[in-house]
Structure formats: C-alpha cells, structure tokens
Amino acid sequence: MKPHEYNPKAREAFGKSLIDIGVGIYKGIMILFTVAPLTFLLKGALDGTNKNIYMTELVKFIVSPMYFVFLVFLVGAFLLGHYFRKEGLRHIHEIENSRTEAN
C-alpha cells in the first residue's frame, strides 16, 4: 500500500515517523561529533598518566581511503536525514491542506 492511499490519520502518523527518523539521524551525527571526542579526553584526563592528548593522535591510525569512506557515509547520512524530514513534512502538509480544503 502506498502512503498516498493511507487514511489521513495513518498518513499523519507516517509523516511523523519519517520526521522522527530524520531527527534521529541528525542526533546520531551530533552525538558522534560531541560525545565521542569528549570520552577520549575524559579517559585521558582520568587515566592518571601525565601524557598529553591530541585529537590528531586519536585519528592518525586511520588510513586515507578510510577518511573518504567515512566522509561518504557522513554526507549520505546528512542527505538521508534531510530527505526523511522533508518527506515527513510534505505528508503532514498535504494532510493539513486537504483538511482546510474540505472545510
């Protein structure tokens, strides 16, 4: 069954779930760039050793092709999150328009 064949309540729920998926992807990306580096820094600070921690040392073990793959996945996740949010908003907007036209 295609989404445009759903009844209005089911289509609205479908739109909201698409928005939730898109927001979840964005939240996951933000957690990746905020929480993961902070855990490395906290581990180094609470480790008890006196060696310095540099972010470049944490990621220098990754080879160049892996950077490219990481960037491709990151850009793909941003695009996928944007697409899900846009489609969810479109479904909800069409439901609201059909309700106002019916009145």
Side-chain angles (χ1 to χ4, degrees):
M1 190 172 208
K2 296 183 180 183
H4 68 277
E5 296 173 354
Y6 294 164
N7 65 27
K9 284 190 176 192
R11 191 165 180 193
E12 185 176 357
F14 179 68
K16 286 181 181 180
S17 67
L18 286 176
I19 292 172
D20 289 342
I21 291 169
V23 170
I25 291 171
Y26 284 137
K27 284 181 181 179
I29 292 171
M30 292 305 120
I31 286 174
L32 174 69
F33 286 109
T34 56
V35 174
L38 286 175
T39 57
F40 288 126
L41 293 175
L42 283 175
K43 181 190 178 296
L46 300 175
D47 201 11
T49 60
N50 289 333
K51 66 178 186 176
N52 294 329
I53 299 172
Y54 299 102
M55 293 304 287
T56 55
E57 288 180 8
L58 295 173
V59 295
K60 72 179 180 181
F61 64 89
I62 301 175
V63 294
S64 295
M66 192 56 128
Y67 283 122
F68 178 72
V69 170
F70 177 73
L71 287 176
V72 166
F73 281 137
L74 185 65
V75 169
F78 268 117
L79 292 175
L80 196 63
H82 176 71
Y83 175 75
F84 280 140
R85 281 194 72 243
K86 185 177 78 169
E87 283 298 306
L89 289 173
R90 182 181 64 83
H91 283 289
I92 292 174
H93 182 69
E94 287 177 1
I95 293 286
E96 290 175 357
N97 281 344
S98 67
R99 285 181 186 166
T100 57
E101 290 174 1
N103 291 332

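All values reported here derive from a predicted model rather than from experimental measurement. Counting begins at 1 with the first residue of the sequence.
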Applying the 4.5 Å side-chain criterion to the ILVMFWY set and letting contacts propagate, would [X] and [Y] be lumped into a single cluster?
X: Phe70; Y: Leu80; value: yes
X: Phe14; Y: Ile95; value: no
X: Ile21; Y: Val23; value: no
X: Phe78; Y: Leu89; value: no

Practice item. With the side chain counted from C-beta on, respond yes when Tyr83 and Leu79 share a heavy-atom pair under 4.5 Å apart, and no when they do not. Key: no

Check your understanding: Above 12 or not: heavy atoms from other molecules or residues under 6.0 Å from OH of Tyr67?
Key ->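 Yes, OH of Tyr67 has more than 12 neighbouring heavy atoms, counting only those of other groups under 6.0 Å.
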
Review point. Listed by chain and number, what are the side chain to side chain donor-acceptor pair (under 3.5 Å) partners of Arg11, not counting sequence neighbours?
Key: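 With sequence neighbours excluded, Arg11 shows a side chain to side chain donor-acceptor pair (under 3.5 Å) to His91, Glu94, given in chain and number order.
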
Study note, to complete from the structure: So CZ of Phe73 and CZ of Phe68: to nearest 0.5 Å the spacing works out to 10.5 Å

Review point. Quick one: which of Glu87, Lys86, His93 gives a side chain to side chain contact (heavy atoms under 4.5 Å, CB included) with Arg90?
Key: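 That would be Glu87; it is the only one of Glu87, Lys86, His93 passing the side chain to side chain contact (heavy atoms under 4.5 Å, CB included) with Arg90.
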
Review point. Are the charged groups of Glu12 and Lys9 less than 4.0 angstrom apart, N to O?
Key: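 Answer for the salt bridge query: no.
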
Which pairs would a plain distance check flag for residues 24-40, meaning a side-chain donor or acceptor within less than 3.5 Å of a matching protein atom at least two apart in sequence or in another chain?
from  : atom 1 : to    : atom 2 : distance (Å)
Tyr26 : OH     : His82 : N      : 3.3
Thr34 : OG1    : Met30 : O      : 2.7
Thr39 : OG1    : Val35 : O      : 3.4
Thr39 : OG1    : Ala36 : O      : 2.6

